[in-house]
Amino acid sequence: MSRAQAERVIETILIELTQMCLTGPLSGDSVDSMVEMCVVQDTRDMYHVDQTLTNYDMQIFKEICTARRTTASSPSLDTIKMQVYFDMNYSSRREFLKEINWKLESRLHQVSRDITDSRVKTKEQLDVLYRKIITYILLGSGMGSPSDVNSVQEATVPAVLCEALSVTKEAIKKELTVSQDLAWKYTALLEKYTDSLPGDCDVSLVQLTQMLYNVRQHELFLQILLADAGLSANRIEILQKDICSQINLLKNSVQPKTAVPTTKVFPLFKALSKLWSELQDEAELLNIFSNILLRLQSFLTSEVKIFSKTSLDSLLEGLEVKTDGQRINESSCERIDQVQMKQNQWFLFETTDSLTGLSLQYNGYCGYTLAQKNGILLPGNPYIGILKHKEKMYVFSSKEAAVKFVRSPDHFIALVTERAKASPELIKLLQLHQNPTYKKQGETVLTNLKCEDFTQTDVHPMEANIVKSYEWNEWELRRKAIKLADLRTTVTHSTQTHLSHMRRENDTQTWLPKEVGCQTKRDGSTCVPKPQIFLAGLRGQRGGCMEKVDLTRSINEE
């Protein structure tokens, strides 16, 4: 089956299962992962790469997905939900800060415009403007609700936020300790019972392995949150010191003097405001981490229903529960002999620099132990030696595991792939989804047939290039100019002189009379006699005749 056909199959199943999940325990975001597991990665469910799926096959896949979706108390399903939730809600520190600033600007945009566009003329309008400014401070600082009188009084003279949110960091450490303790106990049981658990136990080895994957995934996510919380705590400590020093500098600049130039004080206030905003961002970050921590706890509930603490303690009687640190210390004395294994490339801490930042395959777990010992996850020990095979780095829990793995690395890599197909939560846990393909018997099984992406266009985007000082009305500009001139407070407000009148100088320019001249040639012309007609007999006679006399002189007359 081609890639395009597989995408159409998955899209068809997704549409139907999404409608089913609207009222079910599985969110729509988890449907994609579930369909991908059944259709693409689970070869046990009669799937072949070169096979075209029929309607019957699609119905089988939907039944499998529905059965997995409705499975009660499934640690495997909880792990998948946990992975989907973390991918949907966790981002980098930079993206978190960008989202926080965007939300803050969106919340303050309208209030800021109301403040800057205010035209205060009366005392009542001044009170309204004052309340808007207090609202802006409260919304921007997150110190309380604008309707709370105590918050308003506190924000009137705001104090620097000095208390770091260290409670989040301690809560993460506590949850991490619980998850690690459960992981070590589950590992001890899987090492002890290789075939099956005692008859009086209702838990199977498969369920126990799924619970191990669940707490291991929870442990990795908590370690990510703990690292981010540590960065935020360090940043908060630095900001607190900077704020204290900035306040002391501001006090020293203002207290001894009755008047301080604005050019000297304003930069200090701006620097203090920037530090305040950064401190608020860090506090908001820790709040986000706290919410993620609380949400991750809900994905561990199925274990309590399946395996009670009493049953777990009874099975652990007489067993030695080793921590990851103890296992690493026990195997740290073992080293790979590069001379005996010169056909492979090995890196040792004694002979190689900068090995701490390497990206380890299987997220640092031992691939040999995972493939050969009931899917147990044991952390690899880099001090034994790091194997480089096909541009990937592998670590192992013991020297024996490293020696056996290097004899046939491709075989054990294929076994790990099969294990991941049987337990799809391992794909994310072991970071196998970063590989473009899985190889199996010359066939290529695609791991990512579909990728959802989207772009969002804001309905009302916030313009960032607004020039608030711009005014289109000419008369408004004249009014502002007169206001800036403030002639009422000038010395010559009652006397106008030529220099002070309208604040301008009036000059006129005239042309001086010419003292020299020039004479041009005189033009000549002929004079034509002007026609003259005289009418006689118009006066003094009644009934007489009128005569017309032409008195025009002749042209030839000299």
Side-chain angles (χ1 to χ4, degrees), residues 27 29-30 33 75-104 142 161 163-186 211-240 278-304 323-325 356-357 359-360 362-365 377 379 425-434:
S27 64
D29 298 329
S30 302
S33 301
S76 177
L77 187 58
D78 286 345
T79 306
I80 296 171
K81 291 180 181 179
M82 185 195 309
Q83 294 168 349
V84 173
Y85 169 79
F86 196 81
D87 289 341
M88 296 287 293
N89 293 272
Y90 178 80
S91 183
S92 63
R93 175 184 173 89
R94 179 180 179 181
E95 293 297 328
F96 273 138
L97 292 176
K98 183 179 179 181
E99 182 180 359
I100 291 172
N101 294 331
W102 180 82
K103 289 182 178 180
L104 180 61
L161 183 62
E163 182 181 359
L165 301 179
S166 59
V167 177
T168 302
K169 190 175 180 179
E170 296 299 325
I172 295 176
K173 289 182 178 179
K174 182 178 178 181
E175 291 295 326
L176 181 59
T177 301
V178 174
S179 295
Q180 288 177 339
D181 183 65
L182 288 175
W184 299 333
K185 291 179 179 180
Y186 295 157
M211 289 188 287
L212 174 62
Y213 298 158
N214 184 265
V215 293
R216 283 295 188 183
Q217 184 66 81
H218 189 247
E219 176 190 356
L220 289 178
F221 287 158
L222 291 181
Q223 289 176 349
I224 295 175
L225 293 179
L226 184 60
D228 290 339
L231 291 176
S232 296
N234 295 335
R235 182 59 181 165
I236 288 175
E237 184 178 357
I238 295 175
L239 288 175
Q240 286 178 342
E278 292 180 2
L279 192 62
Q280 289 297 121
D281 291 343
E282 296 298 332
E284 187 67 23
L285 264 181
L286 290 179
N287 186 33
I288 293 175
F289 297 152
S290 179
N291 293 335
I292 295 178
L293 173 65
L294 294 177
R295 187 67 180 89
L296 289 178
Q297 293 177 357
S298 62
F299 300 109
L300 303 176
T301 56
S302 61
E303 299 184 10
V304 179
T323 65
D324 292 341
T356 54
S359 178
L360 301 178
Y362 305 140
N363 219 349
Y365 290 107
L377 290 178
E425 62 270 22
L426 286 177
I427 298 174
K428 175 70 175 178
L429 179 58
L430 303 180
Q431 299 296 320
L432 295 178
H433 63 286
Q434 297 179 354

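These figures come from a predicted structure and were not determined experimentally. Both backbone and side-chain heavy atoms feed into the values below; hydrogens, waters and symmetry mates do not.
- To the nearest 0.5 Å, atom CG of residue L225 and atom CG of residue L220 are 11.0 Å apart.
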- side-chain contact (heavy atoms from CB on, under 4.5 Å) assessment of V178 paired with L300: CA-CA 11 Å; V178 174; L300 303 176; over 6 Å; no

- Item | side-chain contact (heavy atoms from CB on, under 4.5 Å) between H218 and L182, worked out | CA-CA 11 Å; H218 189 247; L182 288 175; over 6 Å; no

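- No side-chain heavy atom of E282 sits under 4.5 Å from any side-chain heavy atom of E237.
- For the pair L377 and L429, the tightest heavy-atom approach, listed with the atom from each and the gap, is CD1-CD2, 3.4 Å.
- The CD atom of Q83 sits 4.5 Å away from the CD atom of Q217 when rounded to the nearest 0.5 Å.
- Considering NZ of K174 and CG of L176, their distance stands at 13.0 Å, rounded to 0.5 Å.
- Aromatic ring pairs are classed by plane angle as parallel below 30°, tilted from 30° to 60° and perpendicular above 60°; the pair F221 and F86 is parallel.
- For the residue pair Q297 and E175, a side-chain donor N or O sits within less than 3.5 Å of a side-chain acceptor on the partner.
- Counting only residues at least two apart or on different chains, the salt bridge (Lys or Arg N to Asp or Glu O under 4.0 Å) pairs with a member in residues 219-228 are R216-E219.
- Counting heavy atoms from C-beta outward, R93 and L97 have side chains that approach closer than 4.5 Å.
- In plain terms, the two heavy atoms of P75 and N214 that are nearest each other are O-ND2, 3.5 Å.
- Side chains of E278 and R235 form a contact here, defined as non-hydrogen atoms less than 4.5 Å apart.
- The shortest distance between side-chain heavy atoms of L426 and Y362 does not fall below 4.5 Å.
- Rounding to the nearest 0.5 angstrom, the gap separating the CG atom in L296 from the CG atom in N291 is 11.0 Å.
- Qualifying side chain to side chain contact (heavy atoms under 4.5 Å, CB included) partners for K103, counting only residues two or more places apart in sequence or in other chains: E99.
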- Apply side-chain contact (heavy atoms from CB on, under 4.5 Å) to the pair V215 and M211, showing each step before the final yes or no. CA-CA 6 Å; V215 293; M211 289 188 287; 5.9 Å; no

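- Side chain of N234 to backbone of G230: a donor-acceptor contact under 3.5 angstrom is found.
- Residue L222 comes nearest to S179 through the heavy atom pair CD1-OG, 4.0 Å, listed as atom of the first residue, atom of the second, then distance.
- A distance of 7.5 Å separates CG of D324 from OH of Y365, quoted to the nearest 0.5 Å.
- Side-chain contact between Y90 and F96: present, with at least one pair of heavy atoms (C-beta onward) separated by less than 4.5 Å.
- Legend: residues meeting side chain to side chain contact (heavy atoms under 4.5 Å, CB included) with S298, ordered by chain and number and at least two apart, are R295.
- For the pair L285 and S232, the tightest heavy-atom approach, listed with the atom from each and the gap, is CD1-OG, 4.0 Å.
- Rounding to the nearest 0.5 Å places CD1 of I172 at 11.5 Å from CD of Q223.
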